[in-house]
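Working notes, structure below.
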Amino acid sequence: MKQIIAELIESALHTLIENGTLPEDVQPKIMVENTRDKSHGDYASNIALTLAKPARSNPRQLAEKLVAALPQSDNLKRTEIAGPGFINFFISGASTSSLVKTILEEKGNYGRNNDGAGRKAQVEFVSANPTGPLHIGHGRGAAVGDCLCRLMEANGWEVTREFYYNDAGQQINNLALSVQARCKGLTPDDPSWPADGYRGGYIIDLAESFMRGDTVKSEDQSFTGTKDAEDLEAIRHFAVAYLRHEQDLDLKAFAVDFDVYFLESSLYSEGKVESAVQTLIENGFTYEQEGALWLRTTDFGDDKDRVMRKKDGGYTYFVPDVAYHLNKWQRGFNTVINEQGADHHSTITRVRAGLQALKADIPQGWPDYVLHQMVTVMKGGEEVKISKRAGSYVTLRDLIEEVGRDATRYFLAARKSDSHLTFDIDLARSESADNPVYYIQYAHARVCSIFRKLSENNLEWDEATGIAALDHLELESEKNLVINLGRYPEVVKNAASTREPHQIANYLRDLAGDFHTYYNSEKTLVESADLRNARLTLAVAVRHVLANGLDLLGVSAPEQM
RNA sequence: GUCCCAGUAGCUCAGUUGGAUAGAGCGGUCCCCUCCUAAGGGACAGGCCAGGGGUUCGAAUCCUCUCUGGGACACCA
């Protein structure tokens, strides 16, 4: 509808340019907006305000000329000029009908578009180290990342979900040493407990499982405990497999699936780290100093150069990261989004700098990053520190068990990811019935309930009659609902291009609110067959859009609550 | 010290990319089930949009400085 109005305005502008009211060289940016106040019409444009200066006219006069030059359209009932020079558009019943009809035809596809045109996009998210269960911060990453994927898919992209396993570093050594210490019966209080050891209770479970000789399976590996507390290599393998298995269960409980699990260790074993380093040296962006190899990241906007290879010969962590991203590029992903915690933000500059220094024709500013800020967990009125080493811990699975998957996903995805989030567990648990996600689901269930009642009364919804009678929907609340239904496709588009899945959640809350208001004020199952069928048709349209939007969030749309 | 993010109702947060009188939920006060599910609706109260300057027809939104909170700035991952 916005598009249609924009075209009408464009046509009027041409007329005004031809008759000399506007100079020929104007490059107007036509903006059509949803109005906040319905007395301002259904849509409004500020075009006369932005063009008043080049036209050397006052905005209201210009607006009048524009309105006069607007072509005739069935979609418009009337226009008016208001305030400093806004043009307000009131849409006609015909345009309402055609929108509802479109939704009924497209059903689950309504709101989807093909902007991506089947191009490949890759989203890397969660990517937790296999050193402990997933916590709420990972949960935020999982919720935001998965919604982003769903959004990209809804915009016509072919999305690959990828999880990067950091299985080759010092953290894994610490993990193995911690498990070994537990195998030997040590506790964190013992003097010989590893300095940076993990203290969480899950380490005890892990050690016991190893000493029992259990076999653990994860997505891509399997390992049996050797029961030998001196065999650090075996403990390392077992611990990684064990914790990956735990994380698999966490993700499954959260209904998040990955297409690719990428192992950091494979970058070493396949020589990719080494060859990336060679290229960087050959391209002349490195130098030796104090026994270490440095990358001149300052050439690419970093505030100081970074060490690539330490004095002891090991690589710093961003080197495999650069090799990893080169690999993503070589796999043909021109669009890559990395969803990470904000505490990793300093890596962005380095990875991008490294990629530029490879001279592999990778565009500047590639890849995209979506960062989520930290989650503060409150329990019993106090902040819970989510430190793996300290052992005080809120796992994602605990959270899902306490407040439910739908509510957890919604809560973590419904807020702008770059603002801090406070997750009050007591609130989420004790008032789970007041969680906004139920508000939206309830609207969906209510539509379904109307249809149950309909058949109890031995009546049927006649879709054809309903569509033909849509012009009976003349109430403000009904028109308002339709306008909001019409917004959905642009919300889907906008949320994807700005990488902001929370927009979907906000939209759904608004739509659900409008429907609840309508439901309370007007009865759907009225005597008049025409009006009844028209209202049922509108209700079906609402149900489709609610279900489509909830699906983008990975939240279920129950028929009954 | 440098960089990133944030600061909007008592609390948790939105604010459609610069529009008209700043909005929800929770909490507070008060109404609405003879009625398709009250997990709902309606009404009231609650605001110096952290603060100062600037940009323009117009600023919570853009620029700049200041203040406050969080995070990042290792030859840790």
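Letters go in sequence order (proteins before strands), and every chain restarts at 1.
Rounding to whole angstrom units, CD of residue A/Gln373 and P of B/G70 are separated by 13 Å. The distance between atom CD of A/Glu500 and atom P of B/A14, rounded to the nearest whole Å, is 10 Å. The CZ atom of A/Arg452 sits 10 Å away from the C1' atom of B/C36 (whole-angstrom rounding). In this structure, NE2 of A/His420 is placed 14 Å from P of B/C4, rounded to the nearest angstrom.
For the side-chain contact (heavy atoms from CB on, under 4.5 Å) test with A/Leu66, the passing option among A/Ile81, A/Leu13, A/Thr79 is A/Leu13; the others fail.
For A/His344, the side chain to side chain contact (heavy atoms under 4.5 Å, CB included) partners two or more places apart in sequence, or in a different chain, are A/Gln340, A/Thr347. Applying the side chain to side chain donor-acceptor pair (under 3.5 Å) test to A/Asp303 and every residue at least two apart in sequence or in another chain returns A/Arg306. Residues that satisfy the side chain to side chain donor-acceptor pair (under 3.5 Å) test with A/Tyr164, not counting sequence neighbours, are absent from this structure. Remark: A/His516 pairs with A/Tyr439, A/Tyr442 by the ring-ring contact (aromatic ring centres under 6.0 Å, His included) rule, at least two apart or across chains. The side chain to side chain contact (heavy atoms under 4.5 Å, CB included) search around A/Ser528 returns A/Asp530, A/Leu531, not counting sequence neighbours. In this structure A/Thr537 satisfies the side chain to side chain contact (heavy atoms under 4.5 Å, CB included) test together with A/Val100, A/Leu104, A/Trp461, A/Ile467, A/Leu470, sequence neighbours excluded. In terms of the side chain to side chain donor-acceptor pair (under 3.5 Å) criterion, residue partners of A/Thr297 (sequence neighbours excluded) are, by chain and number, A/Asp302. Among residues two or more places apart in sequence or in another chain, the side chain to side chain contact (heavy atoms under 4.5 Å, CB included) test is passed with A/Ser521 by none.
Residues from residues 508-516 of chain A that place a heavy atom under 4.0 Å from any atom of RNA chain B, listed by number: A/Arg509, A/His516.
Side-chain contact, A/Arg236 with A/Asn173: a donor N or O sits under 3.5 Å from an acceptor N or O. A side-chain N or O of A/Gln171 and one of A/Tyr198 form a donor-acceptor pair less than 3.5 Å apart.
Annotated as anti: B/C35, whose O4'-C1'-N torsion sits more than 90° from 0.
Applying the 4.0 Å criterion to OP1 and OP2 of B/U12, one finds that A/Ser419 has every side-chain N and O outside that range. Phosphate proximity of B/G70 to A/Thr376: absent, as no side-chain N or O sits under 4.0 Å from OP1 or OP2. Between A/Arg446 and B/A38, a side-chain N or O to OP1/OP2 separation shorter than 4.0 Å is present. Contact between the side-chain N/O atoms of A/His502 and the OP1/OP2 oxygens of B/G15 is found at a separation under 4.0 Å.
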Pairs under 3.5 Å (N/O, protein and nucleotides 73-75 of chain B):
residue	atom	partner	partner atom	Å
B/A74	OP2	A/Lys304	NZ	2.4
B/A74	O5'	A/Arg306	NH1	3.4
B/C75	O2	A/Lys311	N	2.7
B/C75	N4	A/Glu290	O	3.1
B/C75	N4	A/Glu290	OE1	3.3

So which protein N/O to nucleotides 28-33 of chain B N/O distances come out below 3.5 Å?
none

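Sequence order on RNA chain B of the closest nucleotides to A/Thr422 and A/Thr524 puts A/Thr422 first from the 5' end. Nearer to the 5' terminus of RNA chain B, by closest-nucleotide assignment, is the contact made by A/Ser417 (compared with the other of A/Ser417 and A/Met561).
An aromatic stacking contact between A/Tyr439 and the base of B/G40 is absent, as defined here by ring centres under 5.5 Å apart and ring planes under 30° from parallel. Remark: ring of A/His344 does not overlap the six-membered base ring of B/A72 in a stacked fashion, as centroids less than 5.5 Å apart with planes less than 30° apart are not both met.
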Under 3.5 Å, side-chain donor or acceptor atoms of residues 477-485 of chain A against the rest of the protein: list the pairs with distances, not counting sequence neighbours.
residue	atom	partner	partner atom	Å
A/Glu478	OE1	A/Glu474	N	3.2
A/Glu478	OE1	A/Leu475	N	3.2
A/Glu478	OE2	A/Tyr518	OH	2.8
A/Glu478	OE2	A/Arg535	NE	2.9
A/Glu478	OE2	A/Arg535	NH2	3.4
A/Asn484	OD1	A/Arg487	NH1	3.0
A/Asn484	ND2	A/Asp514	OD2	2.3

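The A/Glu264 side chain lies nearest to B/A77 when the options are B/A20, B/U12, B/A77. Here the side chain of A/Gln171 is nearest to one of B/C13, B/A77, B/G19, namely B/A77. Nearest nucleotide to the A/His345 side chain, out of B/U12, B/G19, B/C4: B/C4. Counting only heavy atoms from C-beta on, A/Glu33 has its side chain closest to B/G19 among B/C35, B/A20, B/G19. Ranking B/C35, B/G15, B/A77 by closeness to the A/Lys416 side chain, first place goes to B/G15. Listed nucleotides: B/A6, B/A14, B/C36. Nearest to the side chain of A/Asn506: B/A14.
With A/Phe411 as the aromatic partner, A/Arg415 meets the cation-pi criteria of under 6.0 angstrom to the ring centre and within 45 degrees of the ring axis.
Using Watson-Crick or G-U wobble geometry with both donor-acceptor distances under 3.5 Å, B/G28 finds its partner in B/C44.
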